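Some notes on the structure that comes next.
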Amino acid sequence: MHRRIIAPGALAAASVLLAIPASAASASPGAPGIGDPYYPAYGNGGYDVSHYDLRLKYQPATDELEGTATILAKTTQDLSRFDLDFLLDVSEVRVNGAVAAFTTSGEHELEITPKTPLAKGATVTVVVRYSGIPSSKQAYGFTSWHRTADGGVGANEPEAAWWWFPSNDHPLDKATYDVSVLVPDGSQAISNGTLQSTSSRLGWTRYNWRSNKPQATYLATLAVGRFDLSTGTTESGIPVVNAYSKDLGDNAGAARASIERTGEIADWLSGYFGPYPFDALGGYVPNTNTGYALETQTRPFYSPRQFANGSNVSVVVHELAHQWYGDHVSVAGWKDIWLNEGFARYAQWLWSEHEGEGTARELADYVYASHPADDAFWTVRPGDPGAANQFDIAVYDRGALAVQALRGEIGDDAFFAVLKGWPKKHAYGNASVADLQKYAEQISGKELGPLFDTWLFQPAKPTAPVARTASVAKVSAAPGQPKSWKKIAATNDVHEH
């Protein structure tokens, strides 16, 4: 028989180990990406955000931004460390009130190590104090912050948040928002949702905006400048706030003539997609030199170039359709972009029917005939286009062809039931192309795998007999150009992110 002699130090160490909760012992860092194959470093693992409270101060003359972000989240694993996506300069981080260590890594990662590990399922409050000049920051060689003569704008897809607030930047992690912005008197701060209040003191004015429905981070926007504001109410009772830069020049009239129809168009779209899903509506046009438009939730962003050739109601239809297809129901992964762009483009085709300028069938015929079989257009697969082709015109036009093919296959009754039922089924959540196929099969009673494969996943032009079966192509090979085509084509630069 042998006795084991245990040194006092070893006893003390054992006692300490016994005192450590199991969750702390098993804690590990959250993943630096949420798992999207298109953008492996975007988003983060280990937690889910429920609310962002952003309290900001912005100086338009110098582009200086100061902020305090309070982030409410819940852990999804035992966490020793976690990341936020962010680019500005951080001065302090607190986790549940305690000062936390932090550092940066990669192109846009803010690594945070709390004082004590966080147990799975814990409610967490993260406070980040920061400052910087957004226009001076780049990641991957580009910026999503647009400097203007009178301020700046945060708007881009698939990323824009990094330049003005720390976040879990992926559509899978949607949250509600309070955005409070202090700007010099004479400037306005525009954001999403409802303007709760304004107050002025000592030469500064504070604007308080609230988005009370789940919102993806890329759909959050901030614009500071000198704007003319217009307000109203839709026929269905939704308050509308539109904002136009005072420096739009020759584009001012066309911009207003288009965006002031926002309420009318939203009410019209609700006949196809169901009730408007948010409690605020509008659009804004800062004086940027960008070319694209973006479906920032409740208040789409439009660039002045959208109106350089006159009014452009079709682009308003496109961005408002996204309030259901993209905002209300967001993509599960960026490969599912067809759920956003194919249906928003198809809404433009429906508007063409509404205006008597060409039916959706006629537009489908024209698109199909306009691209010969050897056109690179057909090599892009809208159902999974790849990150490099995420905003290729084929995702829009071939994507809308796929929607028309679905309509032809299942018939109008089932098709319009799908259009309206889909946003309701996945309200304020996320979904994939596979989810839509399954839902359309349930509604129609048809097996749709071959149709989805042909129109969304094959890198080749569907044959004429297949197209005719799907009510896409007529027997005649040379359909005329629908009257609405030039208006729709004029919105093609909405995809130039």
Side-chain angles (χ1 to χ4, degrees), residues 36-37 171-172 269-275 277 321-350 353 359-361 363-365 367-368 378 380-386 390 394-473:
D36 194 305
L172 276 176
L269 283 168
S270 68
Y272 289 102
F273 299 154
H322 278 312
Q323 303 305 306
W324 287 265
Y325 281 80
D327 298 10
H328 190 29
V329 183
S330 298
V331 294
W334 283 113
K335 70 181 179 65
D336 300 305
I337 191 66
W338 171 72
L339 294 174
N340 295 8
E341 302 304 346
F343 284 85
R345 179 64 107 199
Y346 196 77
Q348 294 175 268
W349 292 9
L350 293 174
E353 285 190 11
T359 66
R361 170 69 185 270
L363 285 158
D365 292 341
V367 170
Y368 180 84
W378 299 107
V380 176
R381 302 176 303 154
D384 188 359
Q390 186 178 345
V395 175
Y396 293 68
D397 283 351
R398 186 179 174 185
L401 277 177
V403 179
Q404 176 65 20
L406 176 64
R407 181 179 179 179
E409 178 71 20
I410 67 177
D412 277 7
D413 288 347
F415 175 75
F416 288 112
V418 168
L419 278 194
K420 189 171 286 187
W422 173 255
K424 183 177 180 180
K425 179 175 177 60
H426 293 280
Y428 308 110
N430 302 78
S432 67
V433 172
D435 292 329
L436 183 85
Q437 179 185 324
K438 180 179 178 181
Y439 181 70
E441 288 175 338
Q442 290 172 345
I443 296 298
S444 68
K446 293 192 172 186
E447 201 283 303
L448 298 173
L451 180 132
F452 271 66
D453 182 60
T454 297
W455 291 95
L456 291 176
F457 295 101
Q458 289 300 317
K461 183 175 183 176
T463 64
V466 168
R468 284 194 291 271
T469 300
S471 296
V472 168

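Position 1 is the first residue of the sequence, and the numbers go up from there. Everything numeric here is computed off the predicted structure, so don't read it as measured data.
Atom CG of Leu401 and atom OH of Tyr368 lie 9.5 Å apart (nearest 0.5 Å). Distance check: Gln323 CD to His328 NE2 gives 11.0 Å after rounding to the nearest 0.5 Å. The OG atom of Ser432 sits 9.5 Å away from atom CD of Gln437, with the distance rounded to the nearest 0.5 Å. The CD1 atom of Ile337 sits 6.5 Å away from atom OH of Tyr396, with the distance rounded to the nearest 0.5 Å. In this structure, the separation between CD on Glu447 and CD on Glu409 is 9.5 Å, given to the nearest 0.5 Å.
At least one donor-acceptor pair closer than 3.5 Å links the side chain of Asp336 to the backbone N or O of Gly333. Formation of a donor-acceptor pair under 3.5 Å by the Glu441 side chain with backbone atoms of Leu448 is found in this model. Judged by distance alone, with hydrogens and angles left aside, the side-chain atoms of Trp334 form no donor-acceptor pair with the main-chain N or O of Asp36 at under 3.5 Å.
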Requested in this report: Could you give me the CA-CA distance, side-chain angles and deciding distance for Gln390 and Val395, then say whether side-chain contact (heavy atoms from CB on, under 4.5 Å) is met?
Outcome: CA-CA 7 Å; Gln390 186 178 345; Val395 175; over 6 Å; no
Requested in this report: Determine, step by step, whether Tyr272 and Tyr346 satisfy the ring-ring contact (aromatic ring centres under 6.0 Å, His included) criterion, reporting the C-alpha distance in whole Å, the side-chain angles of both residues, the deciding distance to 0.1 Å, and the verdict.
Outcome: CA-CA 11 Å; Tyr272 289 102; Tyr346 196 77; 8.9 Å; no
Query raised in the report: Does the pair Leu339 and Val329 meet the rule for a side-chain contact (heavy atoms from CB on, under 4.5 Å), with working shown?
Result: CA-CA 9 Å; Leu339 294 174; Val329 183; over 6 Å; no
Query raised in the report: How far apart are the C-alpha atoms of Trp455 and Val403, what are their side-chain angles, what is the distance that settles it, and do they pass the side-chain contact (heavy atoms from CB on, under 4.5 Å) test?
Result: CA-CA 9 Å; Trp455 291 95; Val403 179; over 6 Å; no
Query - Tyr325/Leu419 under side-chain contact (heavy atoms from CB on, under 4.5 Å): CA gap, chis, key distance, verdict - result: CA-CA 10 Å; Tyr325 281 80; Leu419 278 194; 3.8 Å; yes
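The one candidate from Asp384, Val331, Leu456 that meets the side chain to side chain contact (heavy atoms under 4.5 Å, CB included) condition with Trp338 is Leu456.
Shown here is Asp413, whose CG atom has no more than 12 heavy atoms of other residues, nucleotides or ligands within 6.0 Å.
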